Amino acid sequence: MAELSTMYGTRLFDQPRHAAVRARLDAFVSRPAPLGLEIGFDHGMCILDRARRFPAQNHLGVELREARVEAAAANAPDNCLLLRIDARTLCVALLPDASIDWIYLLFPTPPSAPKRALLSREFAAGVSRVLKPGGVLWFATDVEALYREARSLFPWPDAPPPPLGVELSRRERVCRRDGIEVFRLCVQR
Ligand SMILES: C[S@@+](CC[C@H](N)C(=O)[O-])C[C@H]1O[C@@H](n2cnc3c(N)ncnc32)[C@H](O)[C@@H]1O
């Protein structure tokens, strides 16, 4: 595991007010059930739907926007933990090795500056580290360049889809409404 103090502000999680978040994360991840992770869940429609549909699984979601986290967390069942954590910090340094069965990365924000980019070699190494062997990455974007980048960062065999609910994410709805092409990747570590 990477040195906590060196990655994306992980020193934050050594501070008392963030230590509680870390403790909740650690307790949730140690539960003995399959664990899915959704990155950038926004309003949480997809993860909340999956959490209700698949009660025997645990569902972890991270999102940067605090108001979104608070609103969605108010509706989360016991098998769903929604936290405000940068997914890069989470995957590179906070989660244990081989702890996640499925990662859902739906419509990552096209970066406005390199330091804001989610997709990078470092992030890909983190995703590879936290996925269990045979774990699945489910990725979607309407930005072809991001799809190509994801293909090159995760050059893994194609996989059957992970557990999916019926709710579409906000961006997926927009794409469907406006006839925008969606590029998908479903690969197995
Ligand atoms: C374009 S939106 C897509 C939201 C949703 N997944 C969808 O498909 O409609 C990207 C989301 O990822 C969140 N996000 C961006 N960078 C992130 C990061 N490093 N860690 C966690 N969430 C992030 C943003 O706040 C935003 O809600």
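For clarity, every value in this text was computed on a predicted model and none was experimentally measured. Atoms within each ligand, like the ligands themselves, are counted from 1 in listed order.
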Under a 4.0 Å N-O cut-off, is there an ion pair linking [X] with [Y]?
{"X": "Asp42", "Y": "Arg171", "value": "no"}
{"X": "Glu38", "Y": "Arg50", "value": "yes"}
{"X": "Arg151", "Y": "Glu144", "value": "no"}

Taking only heavy atoms of [X], which atoms of ligand 1 are found under 4.0 Å from at least one of them?
{"X": "Arg170", "value": "9 (O)"}
{"X": "Asp86", "value": "18 (C), 19 (N), 20 (N)"}
{"X": "Phe107", "value": "1 (C), 2 (S), 3 (C), 8 (O), 10 (C)"}
{"X": "Arg171", "value": "7 (C), 8 (O), 9 (O)"}

Any N or O of [X] that comes nearer than 3.5 Å to an N or O of ligand 1?
{"X": "Ala87", "answer": "yes"}
{"X": "Ser169", "answer": "yes"}
{"X": "Ile39", "answer": "no"}
{"X": "Glu38", "answer": "no"}

How far is [atom] from its nearest protein heavy atom, and which residue and atom name does that atom have?
{"atom": "atom 5 (C) of ligand 1", "result": "Gly40 O, 3.5 Å"}
{"atom": "atom 16 (N) of ligand 1", "result": "Leu64 CD1, 3.6 Å"}
{"atom": "atom 15 (C) of ligand 1", "result": "Thr109 OG1, 3.8 Å"}

Within 6.0 Å of CG in Asp78, more than 12 heavy atoms from elsewhere: no

Crowding at CZ, Arg31 (>12 non-hydrogen neighbours, <6.0 Å): yes

Rounded distance [0.5 Å steps], CG in Leu82 versus CG in Leu60: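 Separation between the atoms: 8.0 Å.
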
Approximate separation, where rounding is to 0.5 Å, of Phe123 CZ and Phe154 CZ: 5.5 Å

Qualifying salt bridge (charged side-chain N to carboxylate O under 4.0 Å, His left out) pairs with a residue from residues 180-189, counting only residues at least two apart or across chains: Glu172-Arg184

Any Glu63 heavy atom less than 4.0 Å to ligand 1: yes

